[in-house]
2 protein chains.
Amino acid sequence: MRLKDDAKVEAIFNATIELTGEVGLNRLTMSAIATRAKIASGTLYIYFNGKEQLLNNLYKRLISEGTLSLLPAITHLPIKQQIFNIWSSVLKFRMDNTSEVAFMHEFRYSPLISDKAKEMDKEFVLHVLRLLNEGKKELIVKDLDNDVLFPLLYGYVDNLARHLTHKKIKLTPEIVRQTFQVCWDAIKA
Amino acid sequence: MRLKDDAKVEAIFNATIELTGEVGLNRLTMSAIATRAKIASGTLYIYFNGKEQLLNNLYKRLISEGTLSLLPAITHLPIKQQIFNIWSSVLKFRMDNTSEVAFMHEFRYSPLISDKAKEMDKEFVLHVLRLLNEGKKELIVKDLDNDVLFPLLYGYVDNLARHLTHKKIKLTPEIVRQTFQVCWDAIKA
DNA sequence: TTTATAAGTGAATTATAATTCACTTATTTG
DNA sequence: CAAATAAGTGAATTATAATTCACTTATAAA
């Protein structure tokens, strides 16, 4: 018997990301994915039950690469330092993987997304919320509800990366520094 | 002869907004729109050339309601006050019109959007950028590039409104105050 | 080697949804 | 009121894209 080919899954995922960037989720077709991945359309159904499953699997994979793997291993640094590290790596990831991020964004707000996929980044969010809470305990972060603080960090990084990418502005250490300063001023006590 | 019926356009727009919220742009069909608007599918094509035109027209209408009309008439207030007024009205608009905002968001990042529609909010953005520039001149706003400052305001309001809506948190004057304070601390010199 | 099994194929099928059009109806205007 | 014109209808058509399946190939295991 023959075994499934990991390289094919990669090719399928890459094709999906590329095509979504080019034509969007709406006009993304299974046959286009197959052609781009250099396989037959039927083969897609050997690897995935259908379009939704394919997209959800890709999304879950990207979320784990784009969030969990960015959490720093070292957790004994000062809070501000830890938040800076996360800010910096998330911003860098989003600037370095624009097609992937575009896919994630479009998919996240589409009705194709499954509940399970939606929950994938929960662990990452929880980590940041814990940091904010510790910061409040140490009196270095504003004593405001996380529902008010978290959207600032998330909304800013999301929009900033999109904006810089759109205007073809390269991410420099200076920009990382400046934007973190803006963030920190926003949330610091 | 018979005249076109403005109320029908309204019904079509409302149906489109509702349905997009329920099933998303992907599964939004012309027949569903027609049924919901209580008209025949063919009638849609009397009012619009097709799906793209319908969606783009709706988007343009919503943008002008959701941005330009929110710009304050009075322009002689202090910069900080003006920014607060805009912050407050944009946040309120976004919390009060969640279906419309969801449509706008999904459509904006879809490939169906026309270049002209994309430019609709330019005037609004320019107004805010002018305010930021004046703030810098008065030394009350950080002397950073607008490419760094603007995404904070836009990203935060966008994400905050979505987050509060999702968690069914009502917008109180206290939240408006707190979130503006966060913003202002972020951008103030 | 052989063979059993599952991957791989892509034309054909099926499903879905956009759009058209021959016809009916309402309303304006002379 | 009658005629003209454009709105309004929805079944039929057309377009598009998901999915299937009878068949071919590759390869792991005997």
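In what follows, chains are A, B, ... by sequence order, proteins preceding strands, each numbered from 1. Worth saying up front: this structure is predicted, and the values here are computed from it rather than measured.
Checked against the 6.0 Å centroid criterion, the rings of B/F13 and B/F48 qualify as a close aromatic pair.
Among pairs with a residue in residues 112-166 of chain A, those fulfilling ring-ring contact (aromatic ring centres under 6.0 Å, His included) read A/W87-A/Y156, at least two apart in sequence or across chains. The salt bridge (Lys or Arg N to Asp or Glu O under 4.0 Å) contacts involving residues 64-77 of chain A comprise A/R61-A/E65, where partners must be two or more places apart or lie in separate chains.
A/E22 meets the side chain to side chain contact (heavy atoms under 4.5 Å, CB included) test with A/E18, A/L19, A/R36; sequence neighbours excluded. The salt bridge (Lys or Arg N to Asp or Glu O under 4.0 Å) search around B/K136 returns none, not counting sequence neighbours. Under the side chain to side chain contact (heavy atoms under 4.5 Å, CB included) criterion, A/N14 pairs with no residue, sequence neighbours left out.
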Please list, for nucleotides 13-15 of chain C, all pairs of protein and nucleotide N/O atoms separated by less than 3.5 Å.
none

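In terms of modelled atom types and a separation under 3.5 Å, the side chain of A/K51 and the main chain of A/L28 share a donor-acceptor contact.
If one axis is set at each end of the helix from C/dT1-D/dA30 to C/dG30-D/dC1 from five pairs, those axes are 10° apart, to 10°.
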Counting only pairs under 3.5 Å, give me each side-chain donor-acceptor contact of residues 95-104 of chain B, with atom names and distances, residues two or more places apart or in other chains.
residue	atom	partner	partner atom	Å
B/D96	OD2	B/K92	NZ	2.9
B/N97	ND2	B/F93	O	2.8

Could you tabulate the donor-acceptor pairs under 3.5 Å formed by side-chain atoms of residues 109-117 of chain B, not counting sequence neighbours?
residue	atom	partner	partner atom	Å
B/S110	OG	B/F107	O	3.0
B/S110	OG	B/L112	N	3.1
B/S114	OG	B/N56	OD1	3.2
B/S114	OG	B/A117	N	3.1

Could you please spell out the steps behind the salt bridge (Lys or Arg N to Asp or Glu O under 4.0 Å) verdict for A/R108 and A/D121?
CA-CA 11 Å; A/R108 167 156 217 120; A/D121 55 4; 3.1 Å; yes
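Shown here for B/F180 and B/I83, the closest heavy-atom pair between the two residues is CE1-CG2, 3.8 Å.
Screening B/K167, B/R162, B/K168 for a salt bridge (Lys or Arg N to Asp or Glu O under 4.0 Å) involving A/D147 leaves a single residue, B/K167.
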Go along nucleotides 4-10 of chain D 5' to 3' and tag each nucleotide: B for a protein heavy atom under 4.0 Å from its base, S when only backbone or sugar atoms are that close, - otherwise.
BBSBBBB
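At a threshold of 4.0 Å, the pair A/E174-A/R177 counts as salt-bridged, since one of the basic side-chain nitrogens sits closer than that to a carboxylate oxygen. Of the charged side-chain nitrogens involved, none lies within less than 4.0 Å of a carboxylate oxygen, so that B/R27 and B/E106 do not count as a salt-bridged pair.
Contacts between residues 48-56 of chain A and DNA chain D, defined by a heavy-atom separation below 4.0 Å, involve A/G50, A/K51, listed by number. At a non-hydrogen distance threshold of 4.0 Å, nothing from residues 10-33 of chain A comes into contact with DNA chain C.
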